[in-house]
Amino acid sequence: MPEIDIDPTTRIEGHHGITLQVNEDGVVEEAKSKMEMFRGAEIVTLGRPPSDAPQLTGMVCGVCFLCHRLCSSKAAEDAAMNAGVFDGPPPNAVLLRDAAEGIFYLWNHAVHLFALVGPDYSDAVADTGFERLDPLEGDGYLSAMEQQRGVMKALAEFGGRAPHPVSYIPGGMATKPDHATIQSVKSRVAEVSEWLGPTEAVPEVIENVQNGEFDPSIGEGLHDIVSILVAAAQAGAADIGEGPGRYYSNGIFEQPDTGERFFKRGVYRGGSVEELTKEEIVAGIHEDTAYSWYTEDSSGAPTEAGPPEPDPDKEDAYSWGKAPRFEGQSMEVGPLARLVISDMDPFDLRANLGGGAAESNTLNRLIARAQEALLVRDQVLAWLDAIDPSQPFMADDWTDDFTGKGVGLFEPSRGTLSHYMDVENGEIERYQIITPTIWNLGPRDADGGPSILEEAVVGDQVETLENPLSVMRTIRSMDPCLACAVHVQTPDGTLELDVEPVVPEGLEGGRCDV
Amino acid sequence: MATRRNFLRLVGTTAAGGVITQYSSDIARALQQATDGPKEVVWFQGQSCTGCTISTLQAEYPTLEEALSAFRLAVTFHPTIMAEAGQPAIDSMSTDPDILIVEGSIPTDIPEAATIGHRTAEEWVTELAPNADLVVAVGNCACFGGWPAAENRRRVHGLGPNVTGAQGLQFEHREKGGVLGGEFASGLDLPVVNLSGCPPNPDYVLLTLATVLNGHVPELDRYQRPKPFYEPLVHDNCMHRGEFDRGEFAEKPGDPGCLIKTGCKGPYTNCDDQERLWNDGTSVCLNVSAPCIGCMEPAFWDRFSPFREEIEDSPVLGNVSATQAGAAGVVAAAAGIGAHMGRKAMGYGKFEDENSAEPEEEAD
């Protein structure tokens with residue numbers, strides 16, 4: 001059975017590879033998703049005060065820079081509240097953090113759709129006729145790059161800079177944005193919103209795109225995003241990358257007074273939604289390390305297990321990621337998970353194009369990301385308006401000096417995130433992080449159960465051994481990024497063939513040995 | 001127009017963000033030169049968070065995609081950008097690039113902690129660097145070890161203070177050495193050019209490349225950082241400096257006043273961001289009342305953690321503490337001496353003997 005070894009998959013936030021076992025018909029029979037970087041994030045937080053954790057873990061990722069900082073702050077605040085020394089961040093801080101995360105959703109979704117998955121559906125790469133999506137050259141691509149800078153400027157108004165902002169801290173916000181600053185953020189968001197176009201224009205834009213028409217007056221960005229979806233639908237993306245149809249979301253965009261969230265918290269499995277409490281979610285999570293380069297002792301409940309102990313020579317291990325499971329089950333996370341759990345399918349796009357609103361497939365992941373960008377865009381100005389600059393942004397009673405345990409549940413754009421922090425006498429004694437990517441792209445669990453990606457590519461037909469584009473499209477739909485050198489080897493390794501799955505015409509400046 | 005020698009100094013010392021606009025044609029021309037010759041660029045990632053790439057994506061004059069468009073045939077590897085251009089990855093990577101840019105630290109005790117294409121980052125970097133004309137370390141991790149080299153304070157699992165042995169290219173924290181060794185020199189006979197920061201300002205990256213492509217030799221400080229960017233002291237140009245001079249201090253985050261008592265590391269940190277600003281002149285850390293975290297400095301993390309605590313045992317200004325100096329500064333200000341002269345008049349203190357702060361005669 002030929003083995004296809006893709007390394008690097010090169011996700012935007014790190015090192016990743018995947019190994020596929022393909023049968024004689026070119027159908028994937030088994031996949032191993034390999035995370036290839038370890039830094040020791042949890043280990044280096046130990047022995048430091050709780051308010052240092054958001055600083056350290058916030059810099060764990062320069063793409064999801066805001067999310068870890070906020071999630072870690074929530075964990076620290078939860079620990080302090082459980083210790084009885086803190087009453088919680090002021091409503092303004094809750095509102096501002098969520099509004100900033102909403103703006104971050106716009107940034108991340110735009111970058112992902114245009115720069116990471118978009119090229120797969122561009123004319124240059126896939127002969128789709130959508131030249132605007134062509135990487136580095138298409139007008140749509142270039143315009144999106146310009147817009148992402150605008151979104152980052154909005155974030156810099158609150159954070160001082162983007163990426164890696166510094167003003168979000170346990171207890172609230174170091175910054176006290178005045179009315180003018182909030183207005184400035186709003187006008188920057190409005191500019192991006194204008195580029196995107198009105199949500200209600202979606203049906204008309206779909207018609208335009210199908211007819212090969214482009215009408216920027218009803219949304220330049222929208223036309224390009226819809227182009228990606230139309231091209232993906234035509235490429236059969238609804239029939240590949242089928243996951244188990246189990247989803248998990250921590251929920252986000254919270255009303256400080258009612259605690260109600262715009263995106264719901266819970267899981268979806270067996271065809272129905274279960275809204276869950278924080279306690280129920282935390283109690284259900286377990287991490288395995290059977291196939292991870294960590295000792296067996298590093299497995300367990302994230303509320304109990306110590307920081308992971310590296311074991312790079314471990315037999316059968318193939319990933320630096322752990323295998324998180326909810327009540328023993330793998331769970332897909334991300335925009336599709338959120339919209340399924342919140343029962344949202346604007347314009348019935350997933351129902352009509354993706355084979356069902358709750359179906360887990362490569363097309364639906366793209367559609368959900370696009371739908372969510374619009375849903376959040378339509379709320380974010382109101383979230384900003386809810387902030388009252390005359391009220392405090394920072395709690396008076398925040399202190400690092402306590403003993404307690406806390407959990408931060410957060411829902412960044414890529415999916416579910418949780419941080420776990422134990423503090424003794426003002427110093428962190430235990431820390432755990434479970435990222436969205438290890439839910440989707442982690443390794444097998446102790447029972448040999450595959451992760452979402454490992455399951456999703458099985459059964460898909462590889463076009464040719466030299467060009468497993470469908471597999472690449474599925475990987476990318478989960479928000480890793482693009483460039484791949486594929487080494488196809490026969491079992492005895494005598495044939496090695498170097499393949500580039502995606503070579504846009506006119507851009508093939510590098511050497512390719514195919 | 002800027003001369004070859006002073007180009008970088010000029011763009012670094014002229015005030016504020018408009019500088020880049022002013023010299024954008026110089027920069028564009030410099031980048032354009034990359035397409036004239038067989039110049040090849042490899043942007044390699046070790047233990048990185050991609051924040052430096054994302055930061056560079058925020059550059060406006062020129063934008064990264066404009067620069068890449070100029071580099072189009074020359075960038076043989078960038079794990080993020082080449083993807084969009086559809087370039088072959090490993091197999092297209094130039095093995096003797098004209099310019100090697102490294103983002104992220106290199107693990108040396110657990111080399112398997114960062115692999116690309118079944119090879120360790122250490123193998124890649126030690127192979128590529130000696131063949132490159134210019135080696136640039138982008139970000140604190142590639143310069144000094146940065147985040148992955150933060151101390152394992154509890155020494156858990158019998159691991160040492162540096163969990164994976166993460167090193168910068170030519171430094172580990174403030175010690176010269178690193179993965180390439182202290183004696184390393186690239187084809188242009190330059191040491192690794194360090195653009196520290198978590199992340200560095202995007203201007204630093206593109207201006208440094210423009211400088212070198214224009215044939216300039218960047219003037220470097222002891223940590224091998226281009227002086228124009230890393231000479232100014234954050235504290236001198238801070239918007240809260242007047243509050244410091246008047247002795248008005250915030251007692252906790254969110255309070256008005258100078259942030260030194262809430263842990264600001266501005267007096268120990270050198271970069272020109274207070275004037276240059278971030279995200280096309282939008283803001284900077286201290287302008288949103290967030291204390292400086294010292295991210296531009298070697299040994300960032302353990303030198304400055306806990307971040308919310310004032311560094312009490314290390315006088316900022318001579319033999320007095322920062323807050324005492326602030327009170328004394330009132331006198332200097334009243335005498336009509338500016339903040340900078342105030343510092344000079346007090347005698348320039350040292351954070352430690354190895355502090356990166358330049359002697360005062362070079363600070364002007």
Side-chain angles (χ1 to χ4, degrees), chain A residues 7-8 10 12-13 15 36-40 43-44 46-49 51-52 55 59-63 115 119 125 135-136 142 145 149 152-153 156-157 160-164 166-167 169 174-176 307 309-310 312 393-394 481-485 498 500 502-504 507 509-513, chain B residues 47 49-52 54-55 57-58 60 63 65 68-69 72-73 76 79-80 82-92 110 112-118 147-148 150-154 156-157 159 163-164 198-199 253-254 278-280 282-285 287-290 293 305-308:
Chain A
D7 185 348
T10 328
I12 196 164
E13 76 273 38
H15 302 249
E36 299 180 331
M37 184 171 79
F38 170 69
R39 292 175 295 178
I43 292 172
V44 298
L46 306 183
R48 299 175 195 266
S51 61
D52 271 11
Q55 187 60 61
M59 284 169 166
V60 83
C61 181
V63 183
V125 171
L136 283 176
L142 292 173
M145 286 301 98
R149 280 189 282 275
M152 288 290 246
K153 286 176 204 171
E157 300 264 12
R161 59 180 188 172
H164 289 330
V166 280
S167 63
I169 56 175
T175 189
K176 263 174 81 170
E309 180 178 5
F393 287 81
M394 182 69 200
C481 83
L482 306 187
C484 307
D498 298 329
E500 166 51 39
V502 179
V503 183
L507 286 178
R511 291 179 297 277
C512 186
D513 298 325
Chain B
Q47 289 169 301
C49 76
T50 313
C52 298
I54 298 297
S55 179
L57 266 179
Q58 308 315 313
E60 294 267 4
T63 67
E65 60 270 19
L68 282 168
S69 174
R72 194 177 68 203
L73 300 178
T76 64
T80 313
M82 71 184 303
E84 295 100 2
Q87 298 276 10
I90 296 296
D91 304 301
S92 74
I110 306 181
E112 305 92 334
T115 65
I116 290 182
H118 303 295
W147 189 99
E151 187 184 356
N152 169 15
R153 293 191 174 179
R154 289 287 185 259
V156 291
H157 305 319
L159 295 163
V163 176
T164 61
C198 188
W278 287 78
N279 301 86
D280 193 28
T282 302
S283 194
V284 66
C285 313
N287 288 15
V288 295
S289 297
I293 55 172
S305 167
F307 287 97
R308 282 212 198 169

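Throughout, a chain's letter reflects where its sequence line sits, starting with A, and its residues are numbered from 1. None of these values were measured; they are calculated from a predicted model.
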Between A:His164, A:Lys153, A:Lys176, A:Met394, which has the largest tally of heavy atom pairs under 4.5 Å with chain B?
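Greatest number of close heavy-atom pairs with chain B: A:Lys153.
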Among A:Pro163, A:Ser167, A:Gly40, residue most engaged with chain B (heavy-atom pairs, under 4.5 Å)
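Looking at each of A:Pro163, A:Ser167, A:Gly40 in turn, A:Pro163 comes out on top.
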Is it the case that the side chain of [X] and the backbone of [Y] share a donor-acceptor pair, with hydrogens and angles ignored and the cut-off at 3.5 Å?
X        : Y        : result
A:Asp52  : B:Phe307 : yes
A:Arg149 : B:Leu57  : yes
B:Gln47  : A:Phe38  : yes

Just so I understand: if I count every heavy-atom pair under 4.5 Å between each of B:Thr164, B:Asn287, B:Val284, B:Asn152 and chain A, which residue has the most?
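Maximum pair count with chain A is reached by B:Val284.
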Top residue by heavy-atom pair count (under 4.5 Å) with chain A, among B:Pro148, B:Cys198, B:Ser305?
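Maximum pair count with chain A is reached by B:Cys198.
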Part of A:Pro49 within contact of chain B (heavy atom distance under 4.5 Å):
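For A:Pro49, side-chain heavy atoms alone lie under 4.5 Å from chain B.
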For the student: nearest non-hydrogen atoms of A:Ala115 and A:Met145, plus distance
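Shortest heavy-atom contact: CB-CE, 3.9 Å.
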Looking only at heavy atoms, which two atoms of B:Trp278 and B:Pro199 are closest? And how far apart?
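Closest pair (atom of B:Trp278, atom of B:Pro199, distance): CH2-O, 3.2 Å.
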Using heavy-atom distances under 4.5 Å, tell me whether B:Val288 contacts chain A through its side chain, its backbone, both, or neither.
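It is both, since atoms from each part get that close.
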